[in-house]
Amino acid sequence: MLWLLGMAYTAWRFGSQRGTAPGRPLPAPLPRVSILIAARDEETALPRCLASLRNLDYPEELLEILVGDDGSTDRTAAMAVAAMQGFAGQFRVIAITETRGQARGKANVLAHLTRQATTGFFFITDADISLPRTWIAGLLAHAAPGVGTVTGITAVRGPRLFHQLQGIDWLLSLSMVQVVSDLGRPVTAMGNNMLVTRAAYEATGGYEALPFSVTEDFALFQAVLAAGFGFRQVFAAEIRADSLPMPTWAALLRQRQRWLRGVAGLPLRLRLELLFFSGFWPALLGVGWVAGAGAALGVWGAKMVVQGVLAHFAHRRAGLRLRWWLLPLFELYTLALTGAILGFQLFGGAVVWKGRRYE
């Protein structure tokens, strides 16, 4: 009952859009901004990302796009250069061959790119992301004085059923993050759809000065907060990034294993709330044991309804449409993913991401 009431409250609060701070008019004249992309063996995905950046509703001459080629073994750099032919702004591919301080992996690439950037605003995204035309203006509108990070939302989109279930999972999770953030409690940031001001970034000492984390966006977010800057979490269609899905179960589990490393850095209260939220399935087994299968199925049905309402609001606010018929399948997906992650945590070993192993 507590779980269902908590989910119902979340759906009501999110659906009523309580607590989200409105954006402000863009400064005049418009500022130059830097877009930073870490890429490793992304010859297939990167051209799609760069094409979306070339379609931004923001003057090209005010854009500085830096791609960090992190030891790619394919044609990532060549494909990037080809995709940006004729671009009126500044564009560079920077080969990453050295390590800065404690940074590794993507954090090391961003440590190099921020050193090369020449503007006061760092827009960070990934090679497998496609951005909307309004991305720059949408995030910039929330960069009020004293705000160090502005985070948009990310939707996973793909043609297969497995991809669509991932999409529901992402938007449900981000809608819950939004509600907690609107209550003034920082949770995390999205490293594929994130604005960091130069002032906030430099106040942390940069990635080279931060303890290494496989969730580098979360580590930077915490450091910016610790430096005294505020944050904005914005759930809106105009700053929705569309991500390519994880192609296989193994890849999805590797991704979740990496994210779980970041959970360890959350405040104790949030970790306990996450533990409570993930306790639905054991509680449902308890209901079935005590009250029988009929009662357990009734509770499960109530979960699908309440969770479905939140998913509906999340999709609508993201400018998408929920396919309601997927919700029963999403329950099976969630159950399978929960069990698989538990086994993976026990027996999966070190984090392996982008071909690199992190103990």
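Please read all numbers here as calculations on a predicted model, not as lab measurements.
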Item to check | For Ala77 against Asp69, the heavy-atom pair lying closest together | outcome: CB-OD2, 3.7 Å
Checklist entry - Has the side chain of Arg198 got a donor or acceptor atom that lies under 3.5 Å from a matching backbone atom of Ala117? => result yes
Checklist outcome for this item: For Trp289, the hydrophobic cluster (side chain heavy atoms closer than 4.5 Å, chained through members) also holds Val290
Checklist entry - At their closest point, which heavy atom of Thr76 faces which heavy atom of Ala39, and how far apart are they? => result CG2-CB, 3.9 Å
Item to check | Heavy-atom donor-acceptor pair, His312 side chain to Gly308 backbone, under 3.5 Å | outcome: no
Next on the checklist: Under a 3.5 Å distance rule, please check whether Arg317 uses its side chain to pair with a backbone N or O of Phe14 as donor and acceptor.
Outcome noted: yes
Next on the checklist: So, using side-chain contact (heavy atoms from CB on, under 4.5 Å) as the criterion, who are the partners of Pro132 when residues are at least two apart?
Outcome noted: Thr134, Trp135
Checklist entry - Just by distance, with hydrogens left out, do Thr125 and Asn192 show a side-chain donor and acceptor under 3.5 Å apart? => result no
Item to check | Sequence-distant partners of Ala38, side-chain contact (heavy atoms from CB on, under 4.5 Å), two or more places apart | outcome: Lys106, Val109
Next on the checklist: With a 3.5 Å distance limit and no angle check, can you tell me whether Arg316 reaches the backbone of Leu322 through a side-chain donor-acceptor pair?
Outcome noted: no
Checklist entry - Atom CG of Leu56 and atom CZ of Arg54: how far apart are they, to the nearest 0.5 Å? => result 11.0 Å
Item to check | Distance (rounded to the nearest 0.5 Å) between Phe91 CZ and Glu60 CD | outcome: 12.0 Å
Checklist entry - Would the number of heavy atoms belonging to other residues, nucleotides or ligands and lying under 6.0 Å from CZ of Arg323 be above 12? => result no
Checklist entry - Can you tell me if Thr215 uses its side chain to pair, donor with acceptor, with the backbone of Phe218 under 3.5 Å? => result no
Next on the checklist: Side chains of Val299 and Trp3, heavy atoms from C-beta outward: is any pair under 4.5 Å?
Outcome noted: no
Item to check | For Phe231, the rest of its hydrophobic cluster, which grows through side-chain links under 4.5 angstrom | outcome: Phe221, Leu225
Checklist entry - How far does CG of Leu36 sit from CD1 of Ile65, to the nearest 0.5 angstrom? => result 10.5 Å
Checklist entry - Should Arg256 and Asp169 count as an ion pair when the cut-off is N to O under 4.0 Å? => result yes
Checklist entry - Any idea which heavy atoms bring Ser243 and Thr154 closest together, and the distance? => result CB-CG2, 3.7 Å
Checklist entry - Can you check side chain to side chain contact (heavy atoms under 4.5 Å, CB included) on Leu113 and Ile124, steps first, answer last? => result CA-CA 10 Å; Leu113 296 184; Ile124 302 174; over 6 Å; no
Next on the checklist: For the backbone of Gly191 and the side chain of Asp217, can you confirm whether one donor and one acceptor N or O come within less than 3.5 Å of each other?
Outcome noted: yes
Checklist entry - Does the side chain to side chain contact (heavy atoms under 4.5 Å, CB included) test come out yes or no for Phe235 and Ser175, once each step is laid out? => result CA-CA 8 Å; Phe235 200 114; Ser175 64; 4.2 Å; yes
Checklist entry - Could you state the interatomic distance from CZ (Arg240) to OG (Ser130), rounded to the nearest 0.5 Å? => result 9.0 Å
Checklist entry - Can a salt bridge be assigned to the pair Arg133 and Glu238 using a cut-off of 4.0 Å between side-chain N and carboxylate O? => result no
Checklist entry - Can you name the nearest heavy-atom pair linking Met304 to Pro328, along with the distance? => result SD-CA, 3.8 Å
Checklist entry - Relative to each other, are the rings of Trp300 and Trp281 parallel, tilted or perpendicular (30° and 60° limits)? => result perpendicular
Checklist entry - When you measure from the side chain of Asp128 to the backbone N and O of Ala45, does any donor-acceptor pair fall under 3.5 Å? => result no
Item to check | Donor-acceptor under 3.5 Å (His163 side chain, Arg160 main chain) | outcome: yes
Next on the checklist: Among residues at least two apart in sequence or on other chains, which ones pass side-chain contact (heavy atoms from CB on, under 4.5 Å) with Thr99?
Outcome noted: Asn108
Checklist outcome for this item: dist Asp74:CG -> Glu43:CD (nearest 0.5 Å) comes out at 4.0 Å
Checklist entry - So which heavy atom on Ala111 is nearest to which on Ala103, and how close? => result CB-CB, 4.4 Å
Checklist entry - So, the side chain of His142 versus the backbone of Thr151: is there a donor-acceptor pair under 3.5 Å, distance only? => result no
Next on the checklist: Taking side-chain hydrogen bond (donor to acceptor under 3.5 Å, both in side chains) as the criterion, tell me which of Gln102, Arg115, His112 meets it with Glu208.
Outcome noted: Arg115
Checklist entry - Between Tyr207 and Phe212, does the ring centroid distance fall short of 6.0 Å? => result no
Checklist entry - Which heavy atom in Thr118 sits nearest to a heavy atom in Ser34, and how many Å separate them? => result N-OG, 4.0 Å
Item to check | Contact list for residues 301-311, test salt bridge (charged side-chain N to carboxylate O under 4.0 Å, His left out), sequence neighbours left out | outcome: Lys303-Glu331
Next on the checklist: To the closest 0.5 Å, what do you measure between CG (Leu62) and OG1 (Thr119)?
Outcome noted: 10.5 Å
Checklist entry - Within the distance-only criterion (no hydrogens, no angle test), does the side chain of Gln233 pair as donor or acceptor with the backbone N or O of Ala189 below 3.5 angstrom? => result no
